Amino acid sequence: MKKKTFRGGVHPEYAKDITAEKSIQDLPAPEMIVISLQQHIGAPVDSLVKKGDSVLMGQLIGNSSYAVSANVHSSVSGTVVAVEPRPHISGRSVISVVIKNDGQDNPCEMISHSDPIQLSPQEIKDKIKAAGIVGLGGAAFPTSIKLDPPDQANIDYLIINGSECEPYLTADDRMMVEEPADVILGAKLLAKGCGAERILIGIEENKPEAIRNMRDHAGSNAIEIVVLDTKYPQGGEKQMITALTGREVPSNGLPYQAGVIVQNVGTALATTQACRDGRALIDRVVTLTGAGIKEPRNYRIRLGTSFRVAIEAAGGFTAEPGKVIAGGPLMGSAQFDLDVPVMKGTSSILVFTKEDSKQFDPMPCIKCARCVDVCPASLLPVRLEAYSMNAMWDEALEYGAMDCIECGCCTYICPSKRFLLHWMRLAKNEIIVAKRRQTG
Amino acid sequence: MENSRLIVSPSPHVRDEDTIHKIMFAVIIGLLPVLIAATYLFGFNAIRLVVLASIAAVVTEALCQKIRNQPITLWDGSALVTGVLIGLNVPPTLPSWMMILGSVVAITLGKHVFGGLGYNPFNPALVGRAFLVVSFTLPMTYWTTPFDAVTTATPLELGPQAVAYPDLFFGTIAGSLGETSAFAILIGGIYLFYRGVLDYRIPLGYLGTVLVLTTILGLDPLFHLLAGSLLFAAVYMASDMVTTPVTPVGRWAFGIGAGIILVVIRIWGSLPEGVTYSILLMNAATPLINRWTRPRIYGQGVSKNA
Ligand code: SF4
Ligand code: SF4
């Protein structure tokens, strides 16, 4: 059978076997929790608590009136000891609620629903919004907003992204293996929420057990499990859509304009918990992995647990670490402060040894065109790099800089070890700034 | 748990294993069958010329980089590739000093006047060869038979009636050191293709165009594929990364364009062979080809019909 896929892409070493066979384990909640008030794309939310307040597990502690925002909840019960800027995965300090855990896990009131599929689309969206659910694949876009596209757009397909194409990551894989029924239920709820008739669940072929378990639980023929080629970035939203439906998302546009909404496996699971159990998003499955960590595996971690505590719980470092990465090796961000907290978008804590963390000096471009061949957006990274280096922003725009999905395939493949993606990002930034200046 | 020691760099955090250095040495390995065939057919002359050309190229590269105050990057292997290529591109009897001069010109005028590796618009080995042909026309067109080194003409000059296909295929004919054995070139080309350093589009476009055009013109297509340096150039020179288009369509266009020019020169030109000029001309057209053959960007031209 010819497996579905997309144009371009690369085959890095997957290194998923480190954790793929091990079941998800609960990581005990630490004594101190730091809940960042910026968990999603968009501005930070306002704190609803102050120093000295006591909070319950699952209690709403932050929200905002902005359109693009998501509620934030306490992941433990205890006392607020500070509301102050703390290190954040972005590298900046962001206002955060620091909570001393009383170890009781006293929950706040949760409204459960024995047959959540009976809820109306609006009720589903309300519950997702109340629970503060965002895209758990890493982008952290508020899910309820995604389910409510503008202009009454017609949605034909809800896609569940189970490709997990980043090397090392196995969190989605384990969720599909261990909790397929809840993932499927979440998919149905999400589909009902956005009015999609059909559900497609795309899984890369390197996850046979997940494919089997999901097929066993899919049941109705409105749900199709599609096996995809193992290739990065198969899980890129646009690549997923094209591989599964043959449609393309318009340039500068959003998936709903192609009649599709994509959600991640973890998001589906969180949706089930929100609608059925009335549970807010206060923990997530994180892959702790890499040669630099003693006991790599997937852990269910309370949001706000610091990287330091999580790594210690996983046995600590094997040796002096080289890099600690939030997310996967292709798109994740290297951290310099281990006090950053696990957030809603933290799919992985990846620890590289010194040997893994090779640094490269760029060599001259030999026009090998490998970057062109692998670019999933069909750009010419080699040209864009040159335009960006010479501050030729108009040309960069014309050559499609804004269509770059920042997957990093070009930098990955370049035999001259050039920092292509870095220059893409610079060009995109400059173009956005220039546009803002123009429109005032 | 020392925070400050952590390395912070932008994503991606993993890289493919291939480097310029590995690519260049793969090309050298891909040239080995041809080197062996040349040595077998032309004996000591093959070794003499290829070794001299290589040493001259590498030394010139180092001198150029020193003069231009650049880091010396001999280990990248690109100068060596140029040296071996030009060495395989001359008749077996070429005097040593001419060989050295050709190699020096290839590296200086072909490469470093433009800024060194990656910046040269023309294939350096072909620049060197073109220089030799223009400056030393007689020695560069003085052909001898393999093994016994009897003076003769090349198959292209003799015409299809005068040569047998097996001779053309295995290379027991007169010609430049590396060009005669189609068999050795095919082995090298297949290796390079599977190694991922040879894009199939340019060689196929080039050879295919010659095949089609000579057939249309009522000539012997197989003869035109095997005689002369077409096959060697298609595999090792026309496909040079630095001097050819980066777009997929552009690489087809390059091959087809070179094929058309070659047939025109061979049939109507005053030269018996036109491989060098067909490639150099297409090298010159490469920036334009890149501009005209941009791929359609994902999502562009797709309507937002919601
Ligand atoms: S992959 Fe690197 S060396 Fe090759 S064309 Fe692109 S930028 Fe140049
Ligand atoms: S240019 Fe952008 S989209 Fe294309 S490979 Fe590079 S990072 Fe990915």
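Note that the structure is a prediction, hence the values are computed from the model and not measured. Each chain gets a letter, A, B and so on, in the order its sequence line appears, and its residues count up from 1. Heavy atoms only: backbone and side chains are in, while hydrogens, waters and symmetry mates are out.
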Give the member of [options] that has the highest number of heavy-atom pairs under 4.5 Å with chain B.
options	answer
A/S416, A/G322, A/G253	A/G322
A/C371, A/C407, A/C368, A/G400	A/C368
A/P364, A/P329, A/G408	A/P329
A/K358, A/R7, A/M331	A/M331
A/P167, A/S251, A/P149	A/S251
A/L350, A/I325, A/N252, A/V324	A/I325

Nearest heavy-atom pair of [X] and [Y]: which atoms, and what distance?
X	Y	value
B/V242	A/K367	O-CG, 3.6 Å
B/I7	A/A334	O-CB, 3.8 Å
A/K323	B/S9	NZ-OG, 2.7 Å
B/M241	A/I366	CB-O, 3.4 Å
B/D18	A/K417	O-NZ, 2.8 Å
A/F360	B/R15	CE1-CG, 3.3 Å

Exercise. What part of B/R296 gets closer than 4.5 Å to chain A, counting heavy atoms only: side chain, backbone, both or neither?
Worked result: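 Contact with chain A involves both backbone and side-chain atoms of B/R296.
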With only heavy atoms counted, which part of [X] is less than 4.5 Å from chain B, the side chain, the backbone, both or neither?
X	answer
A/E166	neither
A/V382	side chain
A/L330	both
A/T411	both
A/R383	neither
A/Y399	both

Going by heavy atoms in the side chains, are [X] and [Y] under 4.5 Å from each other?
X	Y	result
A/E13	B/V14	no
A/P415	B/M24	no
B/P10	A/L421	no
B/R294	A/L379	no
B/Y298	A/I405	no

Exercise. What's the spacing between A/C404 SG and B/I297 CD1 if we round to 0.5 Å?
Worked result: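 Taking SG in A/C404 and CD1 in B/I297, the distance rounds to 11.0 Å.
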For this session: Enter the distance from B/L6:CG to A/F336:CZ here, rounded to the nearest 0.5 Å.
Result: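 It comes to 10.0 Å.
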Exercise. Which of the residues B/T247, B/T19, B/T73 is involved in the greatest number of heavy-atom pairs with chain A at under 4.5 angstrom?
Worked result: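 Most heavy-atom pairs within the cutoff with chain A belong to B/T19.
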Got a sec: does the [atom1] of [X] have more than 12 other heavy atoms crowding it under 6.0 Å?
X	atom1	answer
B/R68	CZ	yes
A/D361	CG	no
B/E17	CD	no

